[in-house]
Every structure is written in structure tokens, then in C-alpha cells.
Number of protein chains: 2
Amino acid sequence: MAALTIKDIAKICNVSISTVSRAMNNDPGINAQTKERVLRVVKEFNYIPNNSARNLKMQESNTIALLLKGVSNPFFYEMLPDFQKRLEKEGYEYMLLVVDEDGDEVKIAEGLAKEKRLKGMILLGGRFDYPGAELQNIRIPFVLVSVASSTTEISKHKRFNSVSIDDRKESYKVIDYLAKKGHRHIAIISGRETDDTVGSLRLDGYKAALADNGLPFEQRLVGYMRKDIPEYTEANGYAVAKALLQENKDITAIFAISDRLAIGVYKAIADAGLRIPDDISVVGFDGIEMTRYTIPSMTTVKQPKDAMVNSSVDLLMSSIHGDETKQKLIYDAELHERDSVKALTIE
Amino acid sequence: MAALTIKDIAKICNVSISTVSRAMNNDPGINAQTKERVLRVVKEFNYIPNNSARNLKMQESNTIALLLKGVSNPFFYEMLPDFQKRLEKEGYEYMLLVVDEDGDEVKIAEGLAKEKRLKGMILLGGRFDYPGAELQNIRIPFVLVSVASSTTEISKHKRFNSVSIDDRKESYKVIDYLAKKGHRHIAIISGRETDDTVGSLRLDGYKAALADNGLPFEQRLVGYMRKDIPEYTEANGYAVAKALLQENKDITAIFAISDRLAIGVYKAIADAGLRIPDDISVVGFDGIEMTRYTIPSMTTVKQPKDAMVNSSVDLLMSSIHGDETKQKLIYDAELHERDSVKALTIE
DNA sequence: CTGAAAGCGCTTACAG
DNA sequence: CTGAAAGCGCTTACAG
């Protein structure tokens, strides 16, 4: 049971542990035959060096970690392969860690940075500014990607590298688009009532666009995600849309603040015996793959995934190479017009 | 930049490093006031102990790791929260590691076990029997969950704890069901042509059920997943179904060996101007959440997720507690009849 | 209750 | 090219 150590291998090979270490680490100053002999034994006994010891000893690794919060969001995991490819192309080891919904991502990030002697870190998703989250304690280069900010603390992120979109503005674009298409009773499926991050920002955009188009804001058309159902899921979108449709017969369009919610909305509409887009128009948010395969294909706000991935790695690279300036990059998302919206007026 | 160590804290507090260590690890033999004083400094300076050193020193951790291969499969990540809850209820620390598609899960598992002094491991997804994958090198208790086996090596798994379904049998059930409903030209969207694991097993079940129902096996009705498109995705299902429908006007039912593929099939059918289930019946596989929200809701083979999670943890627990017997649990999946299949005959 | 010391398994100057 | 030795940052018997 006791695992093999470098000592055991050294003994078996009749060399010192230094030699074993050199053989394993491709040290140039070692006799080719010795090396081969050691490596053969290593292979035969399936020796795997203890990483803790190695990490403890080594001053630094060549690893960049990606810390993901929120496995349930397809938008995030669609980014994963791209991050990996890009990071490996840059010559770094890549390591993915998934933090569960209620894990403390900042503490985990700190610990990880120390334990692994990381070169840098990418913090994807999650919310990095709740009380006590001391990002400044992370002493290695990092970049925040698609990290939610509470509406009151957004400016703080100026002190960090970050890559995101403007939630308020993108939401505004959607509602403005629907209003220009002649929709007068536009419902929104927003965050939970207590949400003060993404949901709240997108609701702001909704209100602003309504006002600019001369439409009244009506509380009855706001569907807050339910607390008793997992957030941002089809099930939540379905439940909220169902209630919305039952109580408001005049709705002609529904904007859901995520694609998964919107897929639930599709179902609620079908169950009500209505059709998309003939009776009700639907717009989603994120632009996940699946939206191309809904029937009808979904009009949605597509976040510039590729650009976001690339520029976050760019930021991280320059930070690793000593650049002290911090950038807050905000990307434009794109409203992908597909088949789930009907124009009510002839333009 | 240099991170704080236990020495620094000891110096600041005017105590020995032993005392700092005791304060941090809730050692009973320490003066309450000393402890408080140390902890305050720890907090103030935001000292985080070096985990590598700790792991190196500690003989064992209390951690169980979940190694997931294949982030892109919703079926797997729907299991994640359940695993976590159950493991934490058992009193273990939980750690999730995602191995990318072409990572060597066995090597990673071995290294991880050593580095973290893990109590046990759950290997979810992936394929653990390709040449050179020496599972027996993993010296800590582990259990394989939903791990694909090549058709020739399945018996080997008898030496390990494993939890899975019988792919051949479940596939058989689907085709038998469709045949009994009067379908005579049933297409399948199977694995890649070279697949010798899940895809191949499900294709076997398809053939057997056809034979038992007096239906001929026709190569033209077999759609192999395309190599130029990511496996098991909507895009792949869409492309393959589209070709299938174009070349075979007599198809009345399509069985896709994963739900995501089936969602692509839905789209291909809609694009062809056909309707589900009136013109074409569709059956998926896995039973992911989303299948309740497709329109029409999808008939699919639902894997018993909860039971699989619980019994894998059970197996792991008894293995950790010294039980040397290995079990190979095979669960029955359930064909969820929903609205995507039409009976062609009156039963 | 506290401290000095040994040691976990590695890597890497430093001698030879 | 190889080995003896120091040291990475911790934990934990062992004395006191």
C-alpha cells in the first residue's frame, strides 16, 4: 500500500536520489545509459513522484488554472475547450477546477495559487465581490471573465483585469428591438427578486428601453425567477412563463435572460396552445449552441465567446509578463435574429 | 510577493510555529487566549497555509475526488450536485476534477491519489480500458461510474467496483418498443464507425431487436456519427439525420443514442417539413432534463441517475472501510414514454 | 500549555 | 556525470 518514493527507486537502481530526480526531469547533465536504466525501473514499478513534495520544493510551476463557478451554464463550458487550446498553445499547463454553487471561489483561488505556485489564473463565472471576497489577496496574475458584479460595486473591478459584456446595454438592445417590431406588451423573465447582479442589470435595461420607446413599465410583466427551482434552468423558465401567460393575455413577446430559461418558455407557450412566433415572440440570452436547434430556432443575444476567451488570455499573458496596468474590457454582444420573433408592424 | 509562511505568523505572534499550527488545526491542547491571538493575526494577514507542505506531511486526507471525463455530457453534470451532497453527508471533503477529452484519466487519477492522499475516488465517464490504462495501479479505493468499455474488454471490469447500465439491452428495449408499435423502417444514429464501446453495444442491441421482431437489418438505416463534428452533439445528430432522411424516404422512426443527438434529429425533421411524431417518431437516450422541454417532449431511455449515484457512493464507502469484494452493478434504465413516438398499428 | 526537533518526498546548488 | 546535503512549509510525537 505504501506508495513508492524516489528513495525506493534509487535503491533499486543503485544510484542516488539525485540521479533519479535528474532522470525524471530531463536534466541534461546525466549519462544517457543511467537515465535509461532509471526510467525503465520507473516505468516497471510505475513510480509516480509525489506532487506535493515537488510543488513544495519548486519555486514555481508553469500552470495556469481556470476556476469555473457554475457548471450548469452551457455558455461557460462551451468556452472551456477554447481556453484550454489557447493556453496550451501559449505553452502553459492547463488545469480546470470547478467550484460548486456555494463554494467560496476566492478562498479556493487563493489556496490554489499558493499550493500550485500557479503562473496565473482565470476566474470564469461566479460572483467575486460579495462581502468578504478579497480579490486583492490573490497575489498572482489573474483575470475575471463573465464575473457578475453587484450593481453597486461594479466600479471596483477597475482594479482588476476583467472581460465581460454590458448587461444593461444588451438587455436594452433586445427590448428596443422588440418594441421597434411593434410589440407593446413585452414580458421579461429576470433574476430572482433579490438579485442585485446580472438579473438586476438586465431588468434595468428592460425598463430603460421601454421608457425610450414610450411604453409603460408594468410590474405584472416582470417574471422573477422562482426561488424554489434551480436558477437559470428550463424548469424555472417554464414555471415563470406559464404563470405570466396565464395572468396576462396581452403578452406578445417574452425576453428570458438566459437561453435555458427561454427553452422552458418555449414549452410553456406550446402547452398554452400558442405558437412561436405567431402568437408569442421569444428572445433568449447567451447564444449557446442549442439555440440553433430549437424549433423555431431562437433569436438570442450571442456573447462573443471567442473574442472573450482570446482577450482574457491576452490580458493574462501581459499581466504575467509584468504589465501592471489593469484593463476592464467590455464586449458588444450581438443580437442574432433567427425565427422566434415576429414583426407586428410593417416597417 | 513572497507568500506568508507559518514562520512569519509565529514571529508576529511571538510564539513557536508549533503553536500556530495547533491554533489553526483546532488542536485541543492549546490555551484559548493564545489560540485566539494567533487566529486574529492569521485573519489579519490573511495567511493561508501551504497545502503542498500540509499534504506532504499528513499521512492522509479526508478527501474523495470525483474525476469526470466529458464535460459536454449533460447527463454527467446533472449527477454532480448529487454526488457532492451525498459525499459531504458521509463526512468527506469533495473535490471535482474535469479531465479534458484527450487527457489520460488513469494517469491523472494515479497522480491525484498520491498527491492528495485521497481516501477514495469516483471515476465518472471516460473510457478506462484503452491500451496501457492500468487501473490496478490506482492504489486507493475507487469506483467506475458510467465508464465505457470496449466490447472485448468488458469482463475485465469484474475486478473493479463499477456502476453502469447494460447498453445492449437498453438499446434492444427501444427498438423492440418501436417495432411493437408497428415501425418497420427504424433508423439509428449510432457511434462513429470505429466506435467499439457504447455506440457499438447499442448498435448490437438494435440489430438483435430487429431480428427478434422479424425485421431485416439494413445498413442504409444506420447513421454513424460524423467524425468531422464533435461527438454526441446536436450538430452531429442534425447532420446525420438530415442525410438519413434525404436518402431513405421510408423511415418512420429514428433512435438516437444520446439525447443531445436526438435534439439535432428534431431539427432535421422540422427542416424536412416533417412532424414529430406524426411523420417520424424519435427516441433519445440518457434522460437529461432538457428532454422534458423539447416540443414534443421526448421519449427517451432514462438512466437511473439517483440510484447510480447512491450505489456508487455505497460501494466506495464499503471499499474504504475495508471490504475487498468487488461488485459490478448493472442498473436497469427506464423507457420514458412521452410524446415523440406514434403507434402505427392499433395494439 | 508550549517549544525544539524530526521528517514528509522531492529538487538543486555545490563538491568532487 | 554523480552523490551528499540543504531546505521547501508544514505536523506531531516528545520533553519540559
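Here is the naming used below: chain letters follow the sequence lines, and residue numbers restart at 1 for every chain.
- In this structure, B:Y77 has its ring center closer than 6.0 angstrom to the ring center of A:Y77.
- Put simply, CG on A:N50 is 13 Å from C1' on D:dC8, counting in whole angstrom units.
- Regarding A:D8, its CG atom lies at a distance of 9 Å from the P atom of C:dG9, rounded to whole Å.
- Rounded to whole Å, atom C1' of D:dC10 lies 7 Å from atom OH of B:Y47.
- With hydrogens and angles ignored, a donor-acceptor pair closer than 3.5 Å exists between the side chain of B:K57 and the base of C:dG7.
- Rounded to an integer number of Å, the gap from A:N55 CG to D:dC10 C1' is 14 Å.
- The pair B:R40-B:E36 counts as a salt bridge, with a side-chain nitrogen and a carboxylate oxygen less than 4.0 angstrom apart.
- When rounded to the nearest whole Å, the span between NZ of A:K35 and P of D:dT2 equals 12 Å.
- The interatomic distance linking B:K7 (NZ) with D:dG9 (C1') rounds to 9 Å, in whole Å.
- For the pair B:I6 CD1 and D:dC8 P, the computed distance is 14 Å after rounding to whole Å.
- Going from the P atom of C:dA5 to that of C:dC1 covers 23 Å, rounded to whole Å.
- Closest contact between the side chain of B:A53 and the listed nucleotides D:dC10, D:dT2, D:dG7 involves D:dC10.
- Side-chain N or O atoms of B:N55 include none that pairs as donor or acceptor with a backbone N or O of B:S52 at under 3.5 Å.
- For B:L56 and C:dG9, the CG to P distance is 7 Å, given to the nearest whole Å.
- Comparing the P positions of C:dC14 and C:dC10 gives an interatomic distance of 24 Å, to the nearest angstrom.
- Among the heavy atoms of the strands lying under 4.0 Å from B:T34 are primed sugar atoms or P, OP1, OP2 only; no base atom is included.
- Taking a cutoff of 4.0 Å between a charged side-chain nitrogen and a carboxylate oxygen, B:R86 and B:D314 qualify as a salt bridge.
- The strand DNA chain D forms stems, runs of 3 or more Watson-Crick or G-U wobble pairs with distances below 3.5 Å, at C:1-3 with D:14-16, C:5-12 with D:5-12, C:14-16 with D:1-3.
- A side-chain donor-acceptor contact under 3.5 Å links B:R54 and B:N25.
- Sorted by residue number, the members of residues 9-31 of chain B with any non-hydrogen atom under 4.0 Å from DNA chain C read B:V15, B:S16, B:S18, B:T19, B:R22, B:G29, B:I30, B:N31.
- Judged by distance alone, the side chain of B:S312 and the main-chain N or O of B:M308 form a donor-acceptor pair under 3.5 Å.
- There is no side-chain donor-acceptor pair under 3.5 Å between B:N161 and B:K328.
- Every side chain to side chain donor-acceptor pair (under 3.5 Å) that B:N46 has, sequence neighbours left out, goes to A:E110.
- Side-chain contact check for A:T5 and A:Y47: no donor-acceptor pair (N or O, by modelled atom type) lies under 3.5 Å.
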